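First the structure, in the form of structure tokens, and then the observations on it.
What you see is a predicted model, and the numbers here were worked out from it, not measured in a lab. Keep in mind that the numbers below use all heavy atoms, side chains included, and drop hydrogens, waters and symmetry copies. The residues of the chain are indexed from 1 along the displayed sequence.
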Amino acid sequence: MKVAFATQDLERIDAHFGWAKNIAIYDLTPEGWSLDRVEAFTGDLKEDGDEDKLAPKLDALKGVSILVVAAIGGSGAARVVAQNIHPMKVPEPEPIEGMLEKLRQVLNGTPPPWLRKVMAKGGERSFDFEEEEA
């Protein structure tokens, strides 16, 4: 599955979706991850209520299953969700590779229902899940 990160420095999840200079997109599997591509954005990225600035970022997310950000506005989140992408917020900046490792471990365990749904939407059913007992 593809996971995108809003980042200013390409090392940490440290950016608001609308203000991010970069969106780093990784391919994540139960075995590991690799950088797929980096989408860089220029111009005035500050908070200004200009929803049109989100269009290039939303286009860059094609094929992504999860978007991890430091923050995201309500309309941005709604537009991300409308593209069947699950947004996740981190409470404070953290290394991208640390989050990738956390997600990889979840994939190798029993993913929570929301992640199973994300994986099912992407047609990625190569993981064996134990059924939850009632």
Side-chain angles (χ1 to χ4, degrees):
M1 90 172 62
K2 292 199 184 296
V3 182
F5 299 92
T7 177
Q8 303 296 34
D9 63 7
L10 298 176
E11 299 289 326
R12 298 174 304 142
I13 307 156
D14 63 354
H16 182 288
F17 179 59
W19 314 340
K21 292 180 190 171
N22 304 290
I23 302 284
I25 301 170
Y26 285 79
D27 285 312
L28 176 66
T29 68
E31 294 77 38
W33 60 84
S34 62
L35 180 64
D36 177 53
R37 66 188 186 275
V38 173
E39 300 283 347
F41 302 93
T42 58
D44 186 10
L45 301 172
K46 294 185 182 114
E47 180 179 18
D48 58 8
D50 178 11
E51 298 299 316
D52 291 339
K53 74 178 176 192
L54 295 180
K57 290 189 172 134
L58 292 165
D59 287 343
L61 295 177
K62 297 265 189 263
V64 167
S65 298
I66 299 172
L67 169 66
V68 188
V69 299
I72 188 168
S75 70
R79 292 170 74 180
V80 166
V81 169
Q83 286 188 203
N84 292 320
I85 299 167
H86 184 85
M88 287 178 58
K89 229 167 68 165
V90 295
E92 57 188 48
E94 69 176 88
I96 290 171
E97 290 201 355
M99 177 59 72
L100 284 163
E101 178 58 21
K102 287 178 194 173
L103 289 169
R104 188 192 70 75
Q105 288 177 7
V106 170
L107 290 180
N108 281 315
T110 303
W114 70 264
L115 185 53
R116 291 184 201 190
K117 188 174 178 182
V118 166
M119 293 166 57
K121 280 183 190 175
E124 299 177 32
R125 300 296 297 168
S126 60
F127 306 102
D128 294 324
F129 300 116
E130 295 177 16
E131 292 299 316
E132 292 180 12
E133 295 181 21

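Checked by atom type and distance alone, the side chain of Lys2 never pairs as donor or acceptor with a backbone atom of Ile25 at under 3.5 Å. Side chain of Gln83 to backbone of Leu58: a donor-acceptor contact under 3.5 angstrom is found. Checked by atom type and distance alone, the side chain of Lys89 never pairs as donor or acceptor with a backbone atom of Ile72 at under 3.5 Å. Formation of a donor-acceptor pair under 3.5 Å by the Asn108 side chain with backbone atoms of Pro30 is found in this model.
When every heavy atom of Ile13 is checked against every heavy atom of Pro95, the shortest pair comes out as CD1-O, 4.3 Å. For Gly76 against Leu54, the heavy-atom pair with the smallest separation is CA-CD1, 3.8 Å.
The line from NE2 of His86 to CD1 of Ile66 is 7.0 Å long, rounded to the nearest 0.5 Å. Note that CG of Leu28 is 6.0 Å distant from CG of Leu103, once rounded to the nearest 0.5 Å. Atom CZ of Phe5 is separated from atom CE of Met88 by 8.0 Å, given to the nearest 0.5 angstrom. Here the CG atom belonging to Asp59 is positioned 12.0 Å from the NZ atom belonging to Lys57, to the nearest 0.5 angstrom. In this structure, CZ on Arg79 lies 8.5 Å from CZ on Phe17, to the nearest 0.5 angstrom. To the nearest 0.5 Å, atom CG of residue Asp27 and atom CZ of residue Arg37 are 8.5 Å apart.
Proximity of Pro87 to Val69: side-chain heavy atoms (C-beta onward) are nowhere separated by under 4.5 Å.
Shown here are the side-chain contact (heavy atoms from CB on, under 4.5 Å) partners of Ala15, two or more places apart in sequence or in another chain: Ala6, Gln8, Ala20. The side-chain contact (heavy atoms from CB on, under 4.5 Å) check on Arg12 picks up Asp9, Asp14, Pro93, with sequence neighbours excluded. By the side-chain contact (heavy atoms from CB on, under 4.5 Å) test, Glu97 is found to be paired with Trp33, residues two or more places apart in sequence or in another chain being considered.
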Report the C-alpha separation of Tyr26 and Leu35 in whole Å, then their side-chain angles, then the decisive distance to 0.1 Å, and conclude whether the side chain to side chain contact (heavy atoms under 4.5 Å, CB included) test is met.
CA-CA 4 Å; Tyr26 285 79; Leu35 180 64; 3.7 Å; yes
inquiry  = One pair to check against side chain to side chain contact (heavy atoms under 4.5 Å, CB included): Leu107 and Met1. What are the steps and the verdict?
reply    = CA-CA 10 Å; Leu107 290 180; Met1 90 172 62; 3.8 Å; yes
